[in-house]
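What follows is a set of notes on a single structure, which appears directly below.
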2 protein chains.
Amino acid sequence: MAMSSRSGADLALLLLGSYRNLVDEVVRELATRGYPDARPSHEYAIRAIRAGADSASDLARRLAITKQAAAKTIAALVERGYVTTETDPADIRRKNIRITDHGIGLITEGTAIFDEVRARWEGRLGAAELVELETQLAQFVGDSPINLDAPGWAAGQELR
Amino acid sequence: MAMSSRSGADLALLLLGSYRNLVDEVVRELATRGYPDARPSHEYAIRAIRAGADSASDLARRLAITKQAAAKTIAALVERGYVTTETDPADIRRKNIRITDHGIGLITEGTAIFDEVRARWEGRLGAAELVELETQLAQFVGDSPINLDAPGWAAGQELR
DNA sequence: AGTGTTGGTCAACCTGGTTGTCTATGTCAA
DNA sequence: TTGACATAGACAACCAGGTTGACCAACACT
């Protein structure tokens with residue numbers, strides 16, 4: 001019996017479930033590779049920093065969160081040794097963020113694992129099908145205020 | 001130029017972005033229809049209650065969260081008038097949950113809106129394509145501890 | 001009875017955000 | 001040069017939606 005049309009609520013749960021499944025796997029694997037306390041938000045933040053957000057306010061704008069939230073995130077990153085901060089000599093107010101080797105390691109491994117999991121899915125669906133799926137999802141995301149480059153909305157507690 | 005293979009991290013963001021897009025729309029629309037303070041978790045919880053979880057411990061098991069968390073959720077539902085509780089005459093410890101008309105209204109409208117949004121997506125993708133997408137997502141979710149019927153993991157702060 | 005299980009509650013904590021307020025510094029224009 | 005405004009950051013309090021841990025009261029079973 002072709003199950004045909006599911007409910008909209010189920011669709012939502014499918015989307016979120018897939019996301020969490022993917023991300024949980026990445027976090028788990030990251031833990032076994034020497035980053036036991038890494039959270040998805042750390043990855044996103046470090047990526048944003050690497051992409052040019054070199055101060056708290058900058059990061060806040062990039063992630064589309066408040067600067068207070070950005071400051072907290074940075075504090076967490078410093079605590080874990082993923083970044084360091086030092087006062088900008090040219091502007092005493094600013095604290096420039098620099099990613100440590102450990103931080104680089106995190107996003108390098110993170111990216112690799114993300115891609116590994118994606119490859120696994122690709123193996124199951126077929127390359128063309130996965131690309132199509134991504135294209136379709138991009139359509140859903142496209143017509144919205146949501147900005148893939150500013151995944152501040154990606155927060156929540158994604159792992160338990 | 002066919003953009004072909006995206007990164008695994010992007011895939012994750014696409015999934016989450018689609019979810020939030022869908023859910024945000026539902027919450028927004030719900031607000032305009034007389035449920036301004038409804039949160040996704042409320043909907044999930046009321047659904048679970050309607051499906052038979054008539055006590056806090058029950059709800060906890062069903063949602064796969066702690067009973068304390070379930071109790072908090074129920075308190076929020078009572079506060080908003082979506083459910084009422086009364087002590088079970090047959091077992092003084094239990095507090096039976098009953099969904100109010102307002103609560104029924106919430107999930108009725110919620111379901112309708114979810115389906116409307118899904119229908120909109122269907123209109124864009126085509127019916128067959130959407131079903132295929134759902135089937136593919138179900139595959140990703142299927143091989144995991146994630147249980148669509150126990151969306152406790154769906155929490156996080158899904159809306160900003 | 002006595003022992004163990006179950007339902008619920010209190011309290012403290014965590015994460016990742018939010019507002020609101022404040023100071024210190026920088027910038028720019030009159 | 002000064003005075004107005006913008007910006008960087010920090011502090012404090014709060015919120016949602018979870019978590020642990022400790023507990024008590026009520027039920028169930030032998």
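Worth knowing before you read on, the calculation uses all heavy atoms, side chains too, and leaves out hydrogens, waters and symmetry mates. What you are looking at is a predicted structure, and each value in this text was computed from that prediction instead of being measured.
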Toward the 5' end of DNA chain C, by each residue's nearest nucleotide, A/A90 or B/K72: B/K72

Toward the 5' end of DNA chain C, by each residue's nearest nucleotide, A/A69 or A/D88: A/A69

Under-4.0 Å side-chain N/O to phosphate OP1/OP2 contact, A/T66 with C/dG17: no

Separation of D/dA16 P from B/L77 CG (nearest whole Å): 13 Å

Candidate pair B/E43 and B/R47, rule salt bridge (charged side-chain N to carboxylate O under 4.0 Å, His left out), full reasoning: CA-CA 6 Å; B/E43 262 219 60; B/R47 268 179 224 284; 2.3 Å; yes

Whether A/H42 and A/Y82 hold their rings parallel, tilted or perpendicular, with breakpoints at 30° and 60°: tilted

Protein-nucleotide distance (B/L63, atom CG; D/dG17, atom P), rounded to Å: 12 Å

Given D/dA16, C/dT19, C/dG17, the nucleotide with the shortest approach to the side chain of A/I65: C/dG17

Separation of C/dA24 C1' from A/I92 CD1 (nearest whole Å): 11 Å

A/R20 CZ to C/dT15 P, straight-line distance once rounded to whole Å: 15 Å

Separation of D/dG17 P from B/Y44 OH (nearest whole Å): 12 Å

N/O donor-acceptor pair, side chain B/Q68 with base D/dG17, under 3.5 angstrom: no

Spacing of B/R62 atom CZ relative to C/dG7 atom P, expressed in whole Å: 15 Å

Residue-phosphate contact under 4.0 Å: A/T73 side-chain N/O, C/dG17 OP1/OP2: yes

Reading 5' to 3' through nucleotides 4-9 of chain D, protein heavy-atom contacts under 4.0 Å coded B for base, S for sugar-phosphate only, - for none: ---BBB

